[in-house]
2 protein chains.
Amino acid sequence: MFQGETAITVDDKGRLAIPTAYRELVAGACANRLVITYNPFESGCLWLFPHAEWEKVRDQVNALPSVKAVHRALQMKLVGAAAMVEPDGAGRILLPGSQRTAAGIEKKAVLLGMGSKFELWSEQAHLAKIRQTIGEDEISDDMADLRL
Amino acid sequence: MFQGETAITVDDKGRLAIPTAYRELVAGACANRLVITYNPFESGCLWLFPHAEWEKVRDQVNALPSVKAVHRALQMKLVGAAAMVEPDGAGRILLPGSQRTAAGIEKKAVLLGMGSKFELWSEQAHLAKIRQTIGEDEISDDMADLRL
DNA sequence: TGAAATCGTGGGAATAAGTGGGAATAACTG
DNA sequence: CAGTTATTCCCACTTATTCCCACGATTTCA
């Protein structure tokens, strides 16, 4: 279970160091095999799945009937973009160049632990999201009963 | 099972190098016989099937009663356009010129691993698709239950 | 407070992959 | 049947990727 946000620097070659706090967790969860895809719902954000978790997601998404345009878009962004990466000797993973540019992730980025997966945001996109509070009109029925 | 996106350059002769990561997979899945057709649902996109997979698709499509116009259109784009290709010594396949122009695929293209088949997009068309996030109003009933 | 260890970052070299061009062969047309 | 055009195969070069090493900063423990 991943949680917390970490400031990350991506170097010119597109390498990104996994924070030490997560190293053991990742090694245990998926033998160091991570899968990078697009976040289909947000631009400027990539998803990082442990391989075991990814397989579940992939199978769910592939099972959707591809006659619907939305489903094809989802399959394209998730399965079509999925890149498997393994950390190097220094615990760094290599972001595929295409995804780095498409998500607009440059030197400064933010890694978020989101339960079963990570989210990688460009610093700007992340800051913009955080600054933006949740308005009352957005509250869903599921949220209404929360005790926070 | 193919997945991931790769930037591909198509040279003046219409040759396209299969990424090394897929070479063995393709050789195993279909003895290097690939079938190229149009993606009937998206313009600017071609489909590449391993031969074994193609036979299933072809038989399904051919079985549709051809009195309906939609069926004929599908049969035309899939069966009617199917070209079998095999990689050369350098692991490159030759795109038929007609399909290259029809799909608008020029020098810069993107190859997507989509489970049982590949998709070949022109760089522009692909980028446009990726940049476009999935909005809340587009979510289908099938998608609502996904746990991503 | 100092020293050691660990973590993060950058750069460089070896290797592999991708790309382009050219020549030989085959096919097609007049 | 000959000339021209298209296709295929092969070789070589350039570019990208991967692995490894080293330096600097920060933290931790004695």
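Within every chain, numbering begins at 1; the chains are lettered A, B, ... in the order of the sequence lines, protein sequences first and strands thereafter. Fair warning: this is a prediction, and the values are worked out from it, not measured in the lab.
Counting non-hydrogen atoms of other residues, nucleotides and ligands closer than 6.0 Å to CD of A:Glu24 gives a total of 12 or fewer. Other residues, nucleotides and ligands contribute over 12 non-hydrogen atoms within 6.0 Å of the CG atom of B:Asp137.
With rounding to whole Å, A:Asp11 atom CG is found 11 Å from C:dG8 atom C1'. Rounded to whole Å, atom P of C:dT19 lies 7 Å from atom CD1 of B:Ile8.
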Could you list, one pair per line, each protein nitrogen or oxygen that sits under 3.5 Å from a nitrogen or oxygen of nucleotides 13-15 of chain C, together with the distance?
none

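Among residues two or more places apart in sequence or in another chain, the side-chain hydrogen bond (donor to acceptor under 3.5 Å, both in side chains) test is passed with B:Asp142 by none. Annotation: side-chain hydrogen bond (donor to acceptor under 3.5 Å, both in side chains) contacts of A:Tyr38 (sequence neighbours excluded): B:Glu5. For A:Arg15, the side-chain hydrogen bond (donor to acceptor under 3.5 Å, both in side chains) criterion is met by A:Asp11, not counting sequence neighbours. Not counting sequence neighbours, B:Gln124 has no partner by the side-chain hydrogen bond (donor to acceptor under 3.5 Å, both in side chains) test. Residues satisfying the side-chain contact (heavy atoms from CB on, under 4.5 Å) test with A:Lys108, not counting sequence neighbours, are A:Glu123. In this view, A:Leu127 and A:Arg131 satisfy the side-chain contact (heavy atoms from CB on, under 4.5 Å) rule, not counting sequence neighbours. For A:Asn39, the side-chain contact (heavy atoms from CB on, under 4.5 Å) partners at least two apart in sequence or on another chain are A:Phe41, A:Glu42, A:Cys45, A:Trp47, A:Glu119. Applying the side-chain contact (heavy atoms from CB on, under 4.5 Å) test to B:His51 and every residue at least two apart in sequence or in another chain returns B:Cys30, B:Arg33, B:Val35, B:Glu55, B:Met84.
Heavy-atom distances under 4.0 Å link DNA chain D to no residue of residues 16-24 of chain A. Sorted by residue number, the members of residues 89-112 of chain B with any non-hydrogen atom under 4.0 Å from DNA chain C read B:Arg92, B:Lys107.
In the interface, the side chain of B:Arg15 is not paired with the base of C:dG18 through any donor and acceptor atom under 3.5 Å apart.
By the 30° and 60° cut-offs, the orientation of the rings of B:Phe118 relative to B:Phe2 is parallel.
Nucleotides of DNA chain D that come within less than 4.0 Å of any heavy atom of chain B span, from the 5' end to the 3' end, D:dT8 to D:dC10.
Looking at A:Leu120, A:Leu16, A:Leu46 one by one, the single match for side chain to side chain contact (heavy atoms under 4.5 Å, CB included) with A:Ile36 turns out to be A:Leu46.
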